[in-house]
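Structure record follows, encoded as structure tokens.
Being a predicted model, the structure only gives us computed values, none of them experimental. Just so you know, ligand 1 is whichever comes first in the structure, and atom 1 is the first atom listed for that ligand.
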Amino acid sequence: MANVAVIGAGFVGLSSAWWLVRDGHQVTLYDPAGAAGGASFGNAGTFANYACIPVNNPTVFRDLPHYLLSGDSPLRLRWGYLPQLMPWLLGFLRSSTTARYTRSATALAMLLGRAQQGYAEMLTLSSLQGFVRPRECLYLYSSVSTFEASLPTLELRRSLGVKTRILDQEAVQALEPSLQPLFARGALFEGSWHLSDPSAFLQALQSWLVAQGMQVRATAAQALQPQAEGVVLQTAEGSARHDYVAVCAGAHSKALAAQCGDHVPLEAERGYHLMFPGASHLVSRPVGWAERGFYMTPMAEGLRVAGTVELAGMGPQKHQGLLDLLRFSSQRALPQLGQPVAPWLGFRPTLPDGLPVLGRSSASARVVYAFGHQHIGLTLGGLSGMVVADQVAGRACDLDLKPFSATRF
Ligand SMILES: Cc1cc2nc3c(=O)[nH]c(=O)nc-3n(C[C@H](O)[C@H](O)[C@H](O)COP(=O)(O)OP(=O)(O)OC[C@H]3O[C@@H](n4cnc5c(N)ncnc54)[C@H](O)[C@@H]3O)c2cc1C
């Protein structure tokens, strides 16, 4: 039995803690924000096992000017942030060639194909079962031309094992009758599901882990010093020695990885949500609007409208234009919606090639990374936790981790 520190209490960190506790380790969880204090709080809640198409794909060369300049674009760039963003952006564009994007999509599909395995046993806990809604996600296209433009990516998904059912306008209306008849085509993804409350799910998971003996420290890891037989973890309250440390700090993982010899070009893709209280009955499943880059997910508190991408670092200032886009687009699709509450901003942790970092640090096998899960950290949290536990146990991992190495950049 080892004494393992997990840094970060999001989907990735708490899933890692779950797998480590399952292996019998003594786990200490560090997070100043508590369970689900980061991106894991406000996501769209979808288990998106179909999402193997990274944002960086060959269409960005054609579509980027439109996305950056159009008023109804779900992608915004804060121009003043461009100099800091440049290394990531160049890496992102380099990863958008057909060959590299296909490589990333294949690696993601390999993880996504196993993602359910990461949660299967965890979801037998009675305190978690009530959060799972087994309704397939529906992705909608408002014009036949944008649907047709997406056919190559749908075909790539299919070739990588994603099972999709294509719906015409009548079938979309029959499935979700409250929607305005704006949508020419839909894609329904087999095996996907969603959570009714991602934050409450993680709080319940943390409570269960604490009941099994996990320690929680509401403090930030400031420094990591790998040593021959362990790792010294420094916080504002002092230092502690652990046999292993798992770095699962989402978009904040870059500085910790640098202390362990790995300079990863991690950036935040900022995303937003709005909540429409009492409106969750309007759709029966997560409904995504492809051209507008967001999902409407029925949750316990109401209908959550979540998505968009802003490249602007990790400051707290919200982009009112993107919040307005979420509001008026969702009200257009569902005119019954009232006024939204609780605008939320979160930081998706994203590497330029769209792949997470999974595996051991360069400096020490005692430091294990699991971060950079971009738009699918809820989906891949369970499997990433399994990888962390395999690395700590020294168990052979039957996943090929080479594409996810911290040294690939
Ligand atoms: C709008 C939006 C919609 C999304 N929708 C989906 C979806 O439907 N499906 C899906 O799969 N994914 C979705 N995502 C992505 C998903 O939310 C993220 O990929 C995921 O939450 C990342 O989880 P994480 O545990 O790596 O990071 P986080 O949830 O960000 O957790 C990291 C934690 O580390 C802590 N931390 C940071 N620094 C330190 C430190 N030094 N010491 C200790 N703790 C530290 C933070 O406080 C935080 O709690 C969405 C994201 C957004 C923004």
Going by heavy atoms, is Phe11 under 4.0 Å from ligand 1? yes

Among protein heavy atoms, which lies nearest atom 29 (O) of ligand 1, and at what distance? Ser40 OG, 2.5 Å

Ligand-residue contact atoms, ligand 1 with Val12, heavy atoms, under 4.0 Å: 24 (P), 25 (O), 26 (O)

Distance to 0.1 Å, residue and atom name: give those for the protein heavy atom nearest to atom 30 (O) of ligand 1. Ala39 N, 3.0 Å

Does a side-chain N-to-carboxylate-O contact under 4.0 Å join Asp23 and Arg395? yes

Does any donor atom in the side chain of Arg360 or Gln391 lie under 3.5 Å from an acceptor atom in the other side chain? yes

Is it true that Asp353 and Tyr101 share a donor-acceptor pair across their side chains at a distance under 3.5 Å? no

Contact check, His273 vs ligand 1, heavy-atom distance below 4.0 Å: no

Parallel, tilted or perpendicular: ring planes of Tyr141 versus Tyr139, cut at 30 and 60 degrees: perpendicular

Heavy-atom closest contact (Glu269 atom, His375 atom, distance): OE1-NE2, 2.8 Å

Would you call Gly45 a ligand 1 contact, heavy-atom distance under 4.0 Å? yes

Does any donor atom in the side chain of His273 or Tyr295 lie under 3.5 Å from an acceptor atom in the other side chain? no

Enumerated ligand 1 atoms positioned under 4.0 Å from heavy atoms of Tyr272: 1 (C)

Determine, using heavy atoms of Gly307 and all atoms of ligand 1, whether some pair is separated by less than 4.0 Å. yes

Protein heavy atom at shortest distance from atom 20 (C) of ligand 1: Gly377 CA, 3.7 Å

Within the 4.0 Å heavy-atom shell around His252, which atoms of ligand 1 are there? 37 (C), 38 (N)

Please check if any side-chain donor atom of Ser143 sits under 3.5 Å from a side-chain acceptor atom of Thr146, or the reverse. yes

Ile7: numbered ligand 1 atoms lying under 4.0 Å from its heavy atoms: 40 (C), 42 (N), 43 (C), 44 (N)

Go through ligand 1 atom by atom and flag the ones less than 4.0 Å from a non-hydrogen atom of Tyr30. 43 (C), 44 (N)

Measuring from atom 45 (C) of ligand 1, which candidate in Pro32, Ala221, Ala220 has the nearest non-hydrogen atom? Pro32

Side chains of Arg100 and Ser95: donor-acceptor distance under 3.5 Å anywhere? no

Provide, to 0.1 Å, the distance between atom 12 (N) of ligand 1 and the closest protein heavy atom, together with that atom's residue and name. His375 O, 2.8 Å

Looking only at protein heavy atoms, what sits closest to atom 2 (C) of ligand 1 is Arg348 NH2, 3.7 Å

In the protein, which heavy atom is nearest to atom 18 (C) of ligand 1, and how far is it? Gln374 O, 3.7 Å

Report, in ascending order of atom number, the atoms of ligand 1 lying under 4.0 Å from any heavy atom of His373. 19 (O)

Taking only non-hydrogen atoms of Ser384, do any sit less than 4.0 angstrom from ligand 1? no

Which heavy atom in Ser16 sits nearest to a heavy atom in Cys248, and how many Å separate them? OG-SG, 3.8 Å

Please name the residue in the list Ser329, Ser142, Ser73 that meets the side-chain hydrogen bond (donor to acceptor under 3.5 Å, both in side chains) test with Glu291. Ser142

Show the atoms of ligand 1 that are less than 4.0 angstrom away from any heavy atom in Ala33. 47 (O)

What is the nearest protein non-hydrogen atom to atom 8 (O) of ligand 1, stated with its residue, atom name and distance? Thr46 OG1, 2.6 Å

Can you name the side chain to side chain donor-acceptor pair (under 3.5 Å) partners of Gln117, sequence neighbours left out? Arg114

With nothing but distance in play, are any N or O atoms of Ala44 less than 3.5 Å from an N or O of ligand 1? yes

So, regarding Trp344 and ligand 1 (criterion: nitrogen or oxygen to nitrogen or oxygen, under 3.5 Å), is there a contact or not? no

Can you tell me the protein heavy atom closest to atom 6 (C) of ligand 1 and the distance? Asn43 CB, 3.5 Å

Can you tell which of Leu326, Leu303, Leu337 makes a side-chain contact (heavy atoms from CB on, under 4.5 Å) with Leu274? Leu326

Residues Trp18 and Gln206: side-chain donor-acceptor under 3.5 angstrom: no

May I ask you to check whether Tyr50 and Glu190 show a side-chain donor-acceptor distance below 3.5 Å? no

